[in-house]
Number of protein chains: 2
Amino acid sequence: MNDVAREVGVSAKTVSRVVNDDAHVSPATAARINDAIERLGFRRNESARLLRQGTASTIGLLLEDVSDPFYGALTRAVEESVLAHDHQLLVSSSAEDAHRADRLIAAFVSRGVGGLILAPATGLDEKLLADERAKNCPVVAFDRPLEELDVDTVLADNRGGTIAGVRHLIERGHRRIAFFGDADSVYTARERRAGYRDALADAGIPFDPELVLMLQPDERAGTEALGMLAASADPPTAVFAGNNRWSVQLLRALVRHPIGLAYVGFDDFELADVVQPGVTVVTQDPAAMGRVAADLLFRRIDGDDGPAQRVQLSTALIERGSGERLGPFVG
Amino acid sequence: MNDVAREVGVSAKTVSRVVNDDAHVSPATAARINDAIERLGFRRNESARLLRQGTASTIGLLLEDVSDPFYGALTRAVEESVLAHDHQLLVSSSAEDAHRADRLIAAFVSRGVGGLILAPATGLDEKLLADERAKNCPVVAFDRPLEELDVDTVLADNRGGTIAGVRHLIERGHRRIAFFGDADSVYTARERRAGYRDALADAGIPFDPELVLMLQPDERAGTEALGMLAASADPPTAVFAGNNRWSVQLLRALVRHPIGLAYVGFDDFELADVVQPGVTVVTQDPAAMGRVAADLLFRRIDGDDGPAQRVQLSTALIERGSGERLGPFVG
DNA sequence: CTGTTAGCGCTTTCAT
DNA sequence: ATGAAAGCGCTAACAG
């Protein structure tokens, strides 16, 4: 920057003003400075800027697992927004490990991120996060809310979406519907299970805890559970998969060991439209979730200090056939 | 850091030494300093460190699209390695736009990344990259090589994998085999097409350019192309999909408009084992590619300045049935 | 509209 | 084994 200043014959501060689009520079000098910047190939040293300002044009994104398609799509959407704001994105996967999540947040902050977008891992240390936010580092939660900290939050309509999906099965005559959800510790799993109970209650169908399985999605566990359900005294005629991973694993189990079951899943997945029958799903929109989260964050970065917002994104039922019928899946 | 120094009654420099595991500190003072660090919750300000040292404990990862499952898996693997080295990961998608890629690289560098891992976008400005590397910022290319710059590179065995896949079809009696590849400008697409030609030549089957389609993967384009091929004078009896995206799009097209075609794809995809018949694929290992790329990079960061390495990762044929037969796909 | 001065928090260099 | 001083490149605060 000093080189540019010397070249043009002005002070470094003036160059700084031009680089930062400060209005108080005469067009003529600004032009000469821009010219010199071009000629010398000058690029602002972000680290020095960061040190001075205390906050970098970098956003930290903390999610469960980048390789999960839900988070992949979300990451891409956040990235587009971040790029549009001339920022960069630090990405880390918590792998559902609260301690690791704490470490990663600390690492983000020690690098001076200007804001944090995160899917709160269960057991996350919210005090740590509260400290950061106090240091003027805005925080946006997505997919799950924080429990104590009141921050901007983007959630899918987990309960409503599940109600719609389960109702779809009920309307087709099913009264024994199994529910496969993620571990009980996961917010979305609990919400969706609640939606499942609501839908049953609305229809006057008794709730049977035997039909509810809250487990890590896994083909073997799914196969075993389906086998036990099928062999029970009053077996289910339909299944609701509480997430993307369960949808895929149950599909796999149902294809390998066909049992006549109708089937609806929460969250869409690739090839859900291609298997036979197509899998009816309740879709959420991960890209929209990422976009909204980024928008909320940049609003804070731009100085908005209004009350924390809570955005709920609607879901949609896509009927593809798997909820319509009784009979073995052929995959 | 000054706070810690004052608390203990030493100079900031001594604290710095402790934080950096410098040997020349008496165990006693080190212990007292570590104690104070703990008590005060001190964390080193990476930006100041960066400004002074000129290079951050941050790695830049530039890929085509994080939401593509291939890159998602790779990103996750790189992330694990980066975390193990106490670094952080900046991730950006070039979206196959060379100009955007140039911008992103500049942004990485202005943030002082300690190294760069990238899938070179076609038309990338290699001079820019050469400058950065000269500034002691090591570069590793994956998936595609750089053309002019001699850097550490990790590639899949595109040619050999394709030969194995096409040979699989030939061994099952196919002599008219179509090839769907990405745009001609993409290195992997060209390599795989070359493998396709090699496999045909080995078997004494004439090469027919009419059977080769180099296009952006897209369901409609796939359907049209398949329709034209089916209606031609000497239609193919089998298809080789040159990548993950084509595999999925062709599968979709073949399910909606069944034509009797055997089918093998390059790169695995979720549910390839579930559709009927299962899709035979040539797998590459994106996680291994990420791991190897990160290893190469950290070796450079740790000071290795030996000649550039070129690692080729082997592929494997997974037979699932789609290459065995002639007859309509039922999905 | 432009310049001067000072300092962000750390590490390098050179003393002690 | 420890400390003092200087400075990385930029921008905030205050002139002029």
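Below, chains carry the letters A, B, ... as their sequence lines are ordered, and counting in each starts from 1. None of these values were measured; they are calculated from a predicted model.
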Least distance between heavy atoms, [X] atom then [Y] atom:
X: B:T55; Y: B:G114; value: OG1-CA, 3.5 Å
X: A:A77; Y: A:R291; value: CB-N, 4.1 Å
X: B:S94; Y: B:A101; value: CB-CB, 4.0 Å

Practice problem: Applying side chain to side chain contact (heavy atoms under 4.5 Å, CB included), run through B:N243 and B:F70 and close with a yes or a no. | Solution: CA-CA 10 Å; B:N243 63 50; B:F70 173 79; over 6 Å; no

Item checked: Terminal axis angle for the helix from C:dC1-D:dG16 to C:dT16-D:dA1, five pairs an end, nearest 10 degrees ->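 That helix gives 30° between its end axes.
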
Near-strand residues of residues 16-35 of chain B, defined as heavy-atom separation under 4.0 angstrom from DNA chain D =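 Contacting residues: B:R17, B:H24, B:V25, B:S26, B:T29.
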
message: Taking any atom closer than 4.0 angstrom to a non-hydrogen atom of chain A, what span of DNA chain C does the protein reach, first nucleotide to last?
response: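 Range of nucleotides touched by chain A: C:dC1 to C:dG9.
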
**Q.** Non-hydrogen side-chain atoms of B:I117 and B:I59 separated by less than 4.5 Å
**A.**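 Yes, side chains in contact.
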
### Query
Got a sec, which pairs hit salt bridge (charged side-chain N to carboxylate O under 4.0 Å, His left out) with one end in residues 19-36 of chain B, sequence neighbours left out?
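Counting only pairs at least two positions apart or across chains, the salt bridge (charged side-chain N to carboxylate O under 4.0 Å, His left out) contacts touching residues 19-36 of chain B are B:D35-B:R39.
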
| task | Write out all pairs satisfying salt bridge (charged side-chain N to carboxylate O under 4.0 Å, His left out) with one or both partners inside residues 89-103 of chain B, taking only residues at least two apart or from two chains. | result |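 Those involving residues 89-103 of chain B are A:E79-B:R100, A:E80-B:R100, A:D86-B:R103, B:E96-B:R144.
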
Name all pairs fulfilling the ring-ring contact (aromatic ring centres under 6.0 Å, His included) condition that reach into residues 97-147 of chain B, sequence neighbours left out, sorted by first residue then second.
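Of all non-adjacent pairs touching residues 97-147 of chain B, none passes ring-ring contact (aromatic ring centres under 6.0 Å, His included).
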
**OP:** Report yes or no: does A:T153 contribute a side-chain atom to a donor-acceptor pair with the main-chain N or O of A:V151 at less than 3.5 Å?
**Re:**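 Flag set: sc A:T153 to bb A:V151 pair under 3.5 Å.
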
* Distance-only, no hydrogens or angles: does the B:S47 side chain make a donor-acceptor pair with backbone N or O of A:L51 under 3.5 Å? ->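 Side chain of B:S47 to backbone of A:L51: no pair is present.
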
- Anything under 4.0 Å to a heavy atom of chain B counts; send over the first and last such nucleotide of DNA chain D, read 5' to 3'.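 It runs D:dA1 to D:dG9.
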
Any pair with a residue in [range] that passes side chain to side chain donor-acceptor pair (under 3.5 Å), sequence neighbours left out, goes on the list, sorted by first then second residue, please.
range: residues 299-313 of chain B; value: B:D152-B:R300
range: residues 115-129 of chain B; value: none
range: residues 105-118 of chain B; value: A:S57-B:R111, A:T58-B:R111

Output the residues of residues 39-50 of chain B in contact with DNA chain C, where contact means a heavy atom of the residue under 4.0 Å from an atom of the strand; sort by number or write none.
->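 Nucleic-acid contacts, sorted: B:F42, B:R44, B:N45, B:A48, B:R49.
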
Self-check item: Partners passing side chain to side chain contact (heavy atoms under 4.5 Å, CB included) against A:R44 (at least two apart in sequence or in another chain)
Solution: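 So A:R44 forms a side chain to side chain contact (heavy atoms under 4.5 Å, CB included) with A:V19, A:N20, A:F42, A:E46, A:R49.
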
- Taking 4.0 angstrom as the limit, do B:R43 and A:E132 come out as a salt bridge?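 Yes, this pair counts.
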
